[in-house]
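What follows is one structure encoded as structure tokens, with my remarks underneath.
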Amino acid sequence: MTIKNSTKIAIAVFSVLYCLGHGTVSVFATEKLTVENVLSADVDADYGEYLAGECMTCHTGKNTNASIPDIHGKDPGYIVSALIEYRNKTRKNETMRSITSVMGKDEIAALAAYFSSLE
Amino acid sequence: MKKLSRRQFNLALGVGAAALATPFAARAQSKPRVVVIGGGAGGATAARYVAKNGKGTVDVTLIEESPTYTTCFFSNLYLGDVRSFDSITHSYATLASDYGISVVNGYAMEIDRGGKTIKLKDGSSVAYDRLVVAPGIDLIYDSVPGYSEEAAKIAPHAWQAGPQTQLLKEKMNTLQNGDNIVMVTPPNPYRCPPGPYERASMMAHYFKAKGMTDSTITILDPKPKFSKQGLFTAGWEQHYNGVIEWISPEVHGGIVSVDAEAGTVETDLDTFEGKLLNIIPKQTAGAIAHAAELTDDSGFCQIDSESMRSTVDENIFVIGDASVAGAMPKSGFSANSQAKVAAMHILGDLTDAKTFPAKYANTCWSMIGTDDGVKVGAQYASVEGKIASTSKFISQSDEDAATRKTTFEESLGWYEGITKDIFG
């Protein structure tokens, strides 16, 4: 069964209004992602370096406190799957769920490439 | 004929944006100079990110009066005997040694915006091509009648971390069982919205640990509601039943005056007596922001939401507590986040570095009691010229003890991470 375009538009308009009504504007939450399609995306290394700044506030690297996992040098597949799980809300942590809710394919791909390249 | 400054010239021709788009390297011979005023969570991060991501293409100077920096965040944990003072105090040595940043121990008095020069208290001057102004807050002492800088030596505010925090702790340590604390909290907007209530929690935590079962904390608030109110109120009942009393302005009717020597706070309702007073007055942007006329009627600085660039001077970026950052609270985390957006645009202006749409973030963790942490946070972006929240979350009131412990432990990891991200 296909959904008529008018229905799609109505759903989109409703989603935007729903988000606005809750004081937030969500732009990425509806994009479906898999580990494979993220890993095959083109990566902008500069974008990865910029985006990583947000992560670095906590994941600075070589942390002695185990409550924040060290993600530097991790396998890109692991980073992508973890971020997708937070985004799908199948992995626990409200901070990470919020951060990944505004990420799309390009953001996750760029971050995975950047962090896996670090020591 | 009067000579026009570059800005006036650009404005007259309407080519400000075009000039900005030209890489600095094409216009000048020497390395571009980036100067940062203020070595806190915003300023030190900006200096470090410009130096780190600039990879030697720019000269970075950080001007800071104090040789070390004590973080306001986690200073309440010091008051509660959970952290040492040393553990919340940081040096600028790594920024100098590992990032090649010139750390100037001085106080910026004036900014000559036309000549792009900063004048320091010792008479020396520093030239810049791009300037980051990150002075944090100043306190408006007389916003609380009877309070003053002098009175703060008796009734500390401890809202700028350092000697004031140590003074408040020394005074707490002299209290006997049955002695009370009276807090006056600030009106919005102020640094660290949940901070005063975490502080009350840590004072109560200290009383509990010392067996001071007859001592109380009274909070006289000028605001009818406060950050994480439900979580704090429930936590106070759980950990410190009856110790903390929060009094809203509808009940006390307004602060009439404070007498630091007598230890009294007079309100419309009653006069409250405390062996120790903790008075946190109204706040404004740090003095240099006012001196350079970067502030508006609010006392804070308007910025472009895409870049943190001052709306009154294209060569200046204002970050952290001194800025008006839309939906973002004034916090160390916010300042650290804003610094990275500013650093990206500074390198975009001065080198051929790319720029991307601004993304900002904040999380405020608060410790209510032993192994009981809560958090509130959000992601932000520039939406229709304002920094707006794109996603947000808050700890739930029905969380189990294990979740609260995890949140508290996460805050310890965050502190370690962010202080490395700020100071290297």
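Sequence lines set the chain letters: A, B, ... in the order given, protein chains first and strands last, and positions in each chain run from 1. Bear in mind the structure is a predicted one, so any value in this text is a computation, not a measurement. Both backbone and side-chain heavy atoms feed into the values below; hydrogens, waters and symmetry mates do not.
- Counting heavy-atom pairs closer than 4.5 Å to chain B, the top residue among A/Arg97, A/Lys92, A/Glu94 is A/Glu94.
- Summarising the geometry, atom CD1 belonging to A/Ile99 is positioned 6.5 Å from atom OG1 belonging to B/Thr363; distances are rounded to the nearest 0.5 Å.
- In this structure, B/Glu410 and A/Thr95 have side chains that are in contact, with non-hydrogen atoms separated by less than 4.5 Å.
- With a threshold of 4.5 angstrom between heavy atoms, B/Lys354 approaches chain A through side-chain atoms but not through N, CA, C or O.
- A/Ser67 contributes atom OG, which lies 12.0 Å from atom CH2 of B/Trp414 (distance to the nearest 0.5 angstrom).
- Relative ring orientation between A/Tyr50 and B/Phe356 is described as parallel, the plane-to-plane angle staying below 30° on a 0-90° scale split at 30° and 60°.
- Formation of a donor-acceptor pair under 3.5 Å by the B/Gln379 side chain with backbone atoms of A/Val102 is not found in this model.
- Surrounding CG of A/Asp42 are at most 12 heavy atoms belonging to other residues, nucleotides or ligands under 6.0 Å away.
- Within residues 54-62 of chain A, the residues approaching chain B closer than 4.5 Å by heavy atoms are, in numerical order, A/Glu54, A/Met56, A/Thr57, A/Cys58, A/Thr60, A/Gly61, A/Lys62.
- Inspection of non-hydrogen atoms places B/Phe333, B/Asn336, B/Lys340, B/Val341 of residues 329-343 of chain B under 4.5 Å from chain A.
- The structure places CE of B/Met344 at 11.0 Å from CG of A/Asp46, a figure rounded to the nearest 0.5 Å.
- If you take NZ on B/Lys392 and OG on A/Ser101, they are separated by 12.0 Å, rounding to the nearest 0.5 Å.
- For A/Lys74, the NZ atom counts as densely surrounded, since its 6.0 Å shell holds more than 12 non-hydrogen atoms of other residues, nucleotides or ligands.
- Shown here for B/Phe393 and A/Ser98, the closest heavy-atom pair between the two residues is CD2-CB, 3.4 Å.
- To the nearest 0.5 angstrom, A/Leu51 atom CG is 6.0 Å from B/Lys359 atom NZ.
- Neither the backbone nor the side chain of B/Tyr415 comes within contact range of chain A; no heavy atom of the residue lies under 4.5 Å from a heavy atom of that chain.
- The local environment of NZ in B/Lys386 is sparse, with at most 12 non-hydrogen atoms from other residues, nucleotides or ligands closer than 6.0 Å.
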